[in-house]
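Everything below concerns the one structure shown next.
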Amino acid sequence: MTARDPRRPLDTVPSIKIKLGVVIFAAVGVTVFVFWSGIHLGLWPSVSGIIAAIIALGIVRFLARGMTSPLREMSDAARAMAKGDYERRVTATSRDEVGSLARAFNKMAGELAETDRLRRDIVANVSHELRTPITALQAALENLVDEVEPPDPATLRTMLAQVERLGRLVTQLLDLSRLESGAVPLARAPFDVEPVLEHAVREQQLHAPGVDVSVVVETPGLTADGDPERVHQVVANLLENAVRYTPRGGRVEVRARRSADPLGVTIEVLDEGPGISDTERTRIFERFYRADTARASGDGGAGLGLAIAQWIVDLHGGEIRPERRAPHGCRMVVTLPASN
Ligand SMILES: Nc1ncnc2c1ncn2[C@@H]1O[C@H](COP(=O)(O)OP(=O)(O)O)[C@@H](O)[C@H]1O
Ligand SMILES: [Mg+2]
């Protein structure tokens with residue numbers, strides 16, 4: 001709260017009712033006092049009455065200052081917001097109900113400004129991510145049309161890779177917006193963890209022949225309570241990263257077990273890549289965040305995989321976090337509720 005404003009004498013009064021009481025009491029008191037003083041001084045009652053009314057009006061104006069101005073400020077600010085200006089704030093020094101409304105209004109304005117900033121960032125990021133493969137495709141197509149390059153399988157494969165990248169990006173964006181809007185509710189049920197992990201690993205092995213990917217389920221017959229399709233998506237996203245950052249000839253392992261954790265089921269994806277530093281620990285879950293350009297270059301994704309994984313894990317009431325591995329590498333730990 002800012003310092004007391006001498007031009008708002010009743011700012012510290014904590015309730016509108018008390019404020020009105022003070023104003024009415026002061027007005028009546030001053031009117032009576034001035035009126036009788038006037039009569040005693042020998043003024044005509046009508047003249048004394050008019051003087052008393054003018055002075056009382058002045059006192060009311062003085063005392064009531066700042067009681068309604070935040071409301072006017074709020075309606076101005078709301079109109080400005082409707083036009084897209086989220087930077088306006090209103091005076092919130094009063095301690096009564098109008099003051100707390102003004103504070104709530106300012107908080108809401110702050111949150112709207114932040115949401116608006118995020119929205120702009122997302123639009124900028126999405127456009128950038130879409131433009132990169134489109135530019136590459138356009139260049140390749142122009143070369144084909146101008147007969148600079150023959151339509152050989154290699155050129156067509158590069159073009160196909162760009163189309164696939166576009167497709168992947170659009171699917172991820174759709175997934176994220178569906179998850180956020182709650183459009184696809186979780187189909188929650190007890191399910192066997194092992195087949196889900198094995199399915200995700202088999203898919204990944206097709207894309208990463210140079211890396212050895214294996215599954216170890218330490219608790220036989222491990223079951224979790226969740227949506228197996230969504231959990232598959234989480235593991236697939238984690239595996240995609242693990243395989244991408246592990247050098248050729250390296251090993252990636254998926255481990256799962258019933259744990260002492262209150263939630264009950266722990267799934268880990270371990271890789272031999274560069275690992276995730278402490279400063280990146282939380283940022284990697286932000287949309288479009290990529291730890292560094294070197295790592296994200298080439299076939300890197302758009303930085304949406306972990307954001308999606310975190311949404312899904314949150315929907316399950318679970319947790320996801322990266323840990324360091326010695327001597328190098330990353331261990332992504334996901335905890336999910338067990339089925340009892
Ligand atoms: N296993 C990992 N090892 C090292 N860095 C990782 C790993 N997984 C994720 N990261 C970092 O986190 C960033 C965000 O990951 P993600 O959301 O999956 O996006 P993307 O894979 O599309 O780049 C990656 O760009 C990478 O920098
Ligand atoms: Mg990824």
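For ligands, and for the atoms within them, numbers begin at 1 and follow the listed sequence.
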For [X] and [Y], which I'm curious about, is there any donor-acceptor pair between the side chains at under 3.5 Å?
| X | Y | answer |
| --- | --- | --- |
| Ser69 | Arg8 | yes |
| Arg230 | Gln233 | yes |
| Thr93 | Thr91 | no |

Non-hydrogen atom of Arg244 closer than 4.0 Å to ligand 1: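 The answer is yes, since Arg244 has a heavy atom less than 4.0 Å from ligand 1.
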
Close approach of Gly273 to ligand 1, heavy atoms, under 4.0 angstrom: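 No heavy atom of Gly273 comes that close to ligand 1.
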
Salt bridge or not for [X] and [Y], using N-O below 4.0 Å?
| X | Y | result |
| --- | --- | --- |
| Arg244 | Glu240 | yes |
| Arg283 | Glu280 | no |
| Lys17 | Asp96 | no |
| Glu268 | Arg325 | no |

Heteroatom proximity flag, Met332 to ligand 1, N/O under 3.5 Å: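 No, since none of the N or O atoms of Met332 sits under 3.5 Å from an N or O of ligand 1.
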
Min N/O separation Gly303 to ligand 1 under 3.5 Å: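 Right, the criterion is met.
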
Does [X] [atom1] have over 12 foreign heavy atoms under 6.0 Å away?
| X | atom1 | answer |
| --- | --- | --- |
| Glu180 | CD | yes |
| Glu203 | CD | yes |
| Arg281 | CZ | yes |

2.8 Å cut-off (strict), protein N, O or S atoms about the Mg ion (ligand 2):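 My tally for this metal is 1.
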
Of the listed options Leu238, Asp271, Asn241, closest to atom 8 (N) of ligand 1 (non-hydrogen atoms):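 The residue whose heavy atom sits nearest atom 8 (N) of ligand 1 is Asn241.
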
Numbered atoms of ligand 1 (with element) below 4.0 Å of Leu304, judged on heavy atoms: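 Listed by number with element: 17 (O), 19 (O), 22 (O).
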
Between [X] and ligand 1, which part of the residue brings a heavy atom under 4.0 Å of the ligand: side chain, backbone, both or neither?
| X | value |
| --- | --- |
| Ala309 | neither |
| Ile276 | side chain |
| Phe285 | neither |

